[in-house]
Trainee: 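Take this structure, written in structure tokens, and hold onto it; I'll ask about it next.
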Amino acid sequence: MVLRHEGKNALADQVTLEATGVTRALELAVYGQVLCSAAYTAAQHGDRARALKLVRDAVAAARRLPHPLPAARKSRV
């Protein structure tokens, strides 16, 4: 938070991603999907405040995704 207040947004994002262990675009996208799923669950259980917070967190994660997104790699199983 302090980094953002000092205008160091890129560094703040890097620190946040490293703290959560989310460092790659794919991980960040999955993290956003998990937040959306959790928000849906909270809404289904009538917890509006939590649902809205989770949606805001998902939006914040989406904003950190690179533009354009890197091409998906096909993995061998």
Trainee: Looking at CZ of R64 and OH of Y31, how far apart are the two atoms once the value is rounded to the nearest 0.5 Å?
Mentor: 6.5 Å
Trainee: Could you list the residues that satisfy side chain to side chain contact (heavy atoms under 4.5 Å, CB included) with A39, not counting sequence neighbours?
Mentor: L54, V55
Trainee: With clusters defined by side-chain heavy atoms of hydrophobic residues (ILVMFWY) lying less than 4.5 Å apart, directly or transitively, does L35 cluster with L65?
Mentor: yes
Trainee: Taking only residues two or more places apart in sequence or in another chain, which ones pass side chain to side chain contact (heavy atoms under 4.5 Å, CB included) with L52?
Mentor: R48, R56
Trainee: Output the distance between atom CD (Q33) and atom CG (L28), rounded to the nearest 0.5 Å.
Mentor: 10.5 Å
Trainee: Which atoms form the tightest heavy-atom contact between A58 and G32, and what is the distance?
Mentor: CB-O, 3.9 Å
Trainee: How is the hydrophobic cluster of V34 composed, in terms of its other members, when Ile, Leu, Val, Met, Phe, Trp and Tyr link through side-chain heavy atoms under 4.5 Å apart, directly or indirectly?
Mentor: L26, V30
